[in-house]
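Structure first, then comments.
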Amino acid sequence: MGANGGFMFALLGFMVFHGWSLYSAQAAVHNYTFILKETNFTKLCSTKSILTVNGSFPGPEIRVHKGDTVFVTVHNHGTYGLTIHWHGVKQPRNPWSDGPENITQCPIPANTSFTQEIIFSDEEGTLWWHAHSDWTRATVHGAIIVLPLPGKRYPFTTPYAEQTIVLGEWYKGDVMAIVDEAVSTGGDPNISDAFTINGEPGDLYDCSNTTTFRMLVNKGKTYMLRIISAVMNEEIFFGIANHKLTLVAQDASYLKPVSVDYIMISPGQTMDVLVTANQTNSHYYMMGSPFADTTAPFDNTTTTAIFQYKGNYTPPTTPASPSLPVYNNKSAVGNFTKLLRSLASTEHPVNVPKNITERIFMTVSVNQIECANASCSGPDGNALAASLNNISFVTPTIDILQAYYSNITGVYNSTFPSVPPYLFNFTGDVGDNTLYPKQGTKVKVIKYGAAVEIIWQGTNVGAAENHPMHLHGFSYYVIGMGDGNFDNATSPSQYNLVDPPLVNTVGLPKNGWAVIRFVANNPGVWFMHCHLERHATWGMDMAIIVQDGPTNATKMLPPPSYMPPCSSS
């Protein structure tokens with residue numbers, strides 16, 4: 001048996017071992033070429049150069065069937081190194097191609113190439129890819145569409161057509177310069193100048209109404225919108241004037257269909273919704289506006305696109321607008337989130353771990369780091385920071401995966417605590433006892449096959465807000481969520497162990513808690529972080545190392561023959 005045959009046999013064993021559906025018999029292999037390069041775009045009355053993939057913003061779409069494998073060769077024609085992450089793809093046993101910079105690989109240096117192998121398993125629906133170096137994902141991102149197995153159908157009536165909707169942000173300034181300045185001064189980064197729908201700000205911004213994205217629809221037909229939030233630092237309310245949305249999937253996992261007037265989607269999340277063109281022939285605004293329950297600065301603008309009926313009629317001077325919640329309407333978010341339930345059908349079952357063997361209680365905070373002579377631009381002359389369990393993550397210069405695999409010492413330590421170092425009234429008057437976190441590169445080591453429960457506890461330290469928490473390498477069940485402090489005695493009574501949503505990113509409520517569960521059946525190094533980019537930059541990150549299992553089919557794959565070198569690039 002050749003090398004490729006041996007790999008496929010091992011992968012087959014892995015999938016059978018975990019009870020995953022057997023996709024390999026119909027699996028296809030796809031090849032894509034991504035050319036990273038600077039491209040000029042004109043928006044908001046000015047022209048600037050941005051880093052793109054293949055010259056487009058958003059970047060190219062990857063389309064596969066469930067269980068396929070994709071090879072993407074990334075040619076970096078830019079001026080600095082960066083990485084690409086395949087958000088929501090579990091990559092069974094293959095962290096080498098997951099992509100977060102200096103976690104599973106070092107950056108792809110300028111004027112070099114790197115081929116990444118993306119292994120799809122049980123994902124089905126909409127995911128996305130994005131750069132995972134500093135703030136490069138602002139312009140380097142695109143959709144991943146995972147179709148059902150050939151011959152299989154959606155668990156709902158097949159829509160007439162589909163449309164990808166990528167929500168993003170536009171900065172007039174150079175994004176890398178913005179984050180570099182914020183890091184060097186310790187202050188808040190500049191907010192974006194516009195939100196975008198499929199790369200276009202829309203009618204409500206200067207110099208933008210001639211390029212507003214338009215979706216042409218036939219009256220009476222039902223369409224599926226594959227909605228992706230590539231937004232950097234705000235969560236988004238989204239709706240279509242006079243049209244109901246039926247939410248059917250989130251993060252490439254099916255939901256019980258639920259009819260809503262709007263969705264709230266966090267950075268990193270994807271949602272598939274059905275919409276029927278059942279109104280009078282006209283133009284209707286698709287609209288996105290921020291949800292920001294925080295005292296921190298945020299972009300309080302609104303992006304629009306046009307849901308445009310085909311036919312002969314006189315269009316309105318101004319399309320109708322949806323009624324979206326105001327920017328700080330936390331109850332609107334909670335009411336929406338409570339509606340989400342897994343499909344839990346025979347073909348799409350729910351398997352929530354019941355007998356937990358690894359429990360982690362993790363506080364999520366915005367902090368400060370003291371600066372000499374109060375020389376920084378944050379509060380009281382300090383530098384803004386963030387932490388998990390009061391540890392502000394320090395990104396190493398050698399990637400953690402390489403250090404783990406090759407036993408390189410001094411890169412990280414395995415002392416990330418399972419409980420916070422201080423117990424206090426997390427969501428009340430916190431004082432300043434946890435304002436200043438410890439800094440370090442700490443990971444949590446978990447045994448293969450462990451049934452893991454993580455309790456995320458938001459805190460009132462610093463500027464409290466909703467945190468979209470993302471875990472690489474896994475989807476997890478969100479079994480509970482609530483306001484205030486998690487209570488070991490009473491909070492578990494709110495758990496949903498029957499049909500909780502299966503996601504890879506969840507919004508942790510401001511000054512609240514969320515509980516997730518998953519089985520640690522994917523060996524490797526996997527990043528966990530807030531998907532608000534400024535919080536990730538400040539240290540709201542950590543890594544989980546899942547140890548190898550007992551058989552060859554449950555061990556991490558060896559590295560490819562070439563990995564980008566770790567250097568100052």
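For the single chain, residues carry numbers from 1 onward in sequence order. Basis for what follows: all heavy atoms, side chains included, without hydrogens, waters or symmetry-related copies.
For the pair S184 (side chain) and E181 (backbone), a donor-acceptor distance under 3.5 Å is present. The backbone N or O of V29 lies less than 3.5 Å from no partner atom in the side chain of D68, so there is not a single donor-acceptor pair. A donor-acceptor contact shorter than 3.5 Å links the side chain of N389 to the backbone of P417. Side-chain atoms of N233 come within 3.5 Å of backbone atoms of R534 as a donor-acceptor pair (strictly under, hydrogens ignored). For the pair W170 (side chain) and A138 (backbone), a donor-acceptor distance under 3.5 Å is absent. A distance-only check finds no donor-acceptor pair linking the side chain of E358 to the backbone of A450 [under 3.5 Å]. Of the possible polar contacts, none joining the E101 side chain to the H132 backbone as a donor-acceptor pair under 3.5 Å is found. Under a 3.5 Å cut-off, the side chain of N54 and the backbone N or O of S56 do not form any donor-acceptor pair. Looking at T115, its side chain never comes within 3.5 Å of a backbone N or O of V72 through a donor-acceptor pair. In this structure, the side chain of T459 does not engage the main chain of T363 through any donor-acceptor pair within 3.5 Å.
Here the options are D98, I62, V70, the test is side-chain contact (heavy atoms from CB on, under 4.5 Å), and the partner is W86; only I62 passes.
Taking the six-membered ring for Trp and the full ring otherwise, F120 and H65 have centroids separated by 6.0 Å or more. Checked against the 6.0 Å centroid criterion, the rings of F34 and W129 qualify as a close aromatic pair. Ring centroid separation for the pair H470 and H87 comes in under the 6.0 Å cut-off. Ring pair F114/W96: centre-to-centre distance not below 6.0 Å.
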Before you tell me yes or no, could you show the steps for V515 and W513 under side-chain contact (heavy atoms from CB on, under 4.5 Å), namely the whole-Å CA-CA distance, both residues' side-chain angles and the distance that decides it to 0.1 Å? CA-CA 7 Å; V515 183; W513 54 269; 3.7 Å; yes
Side chain to side chain donor-acceptor pair (under 3.5 Å) for T395 and N102? Distances and angles first, verdict last. CA-CA 7 Å; T395 304; N102 290 359; over 6 Å; no
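The two residues L51 and V140 have their closest heavy-atom pair at O-CG2, 3.5 Å. The two residues P523 and T554 come nearest to each other via the heavy atoms CG-O, 3.5 Å.
By the 4.0 Å N-to-carboxylate-O rule, E117 lies too far from R93 to be salt-bridged with it. Salt-bridge annotation for E453 and R517: present, with a side-chain N of the basic residue lying under 4.0 Å from a carboxylate O of the acidic one.
Taking the six-membered ring for Trp and thresholds of 30 and 60 degrees, H130 and H531 have ring planes more than 60 degrees apart, a perpendicular arrangement. Taking the six-membered ring for Trp and thresholds of 30 and 60 degrees, H85 and H472 have nearly parallel ring planes, at less than 30 degrees apart.
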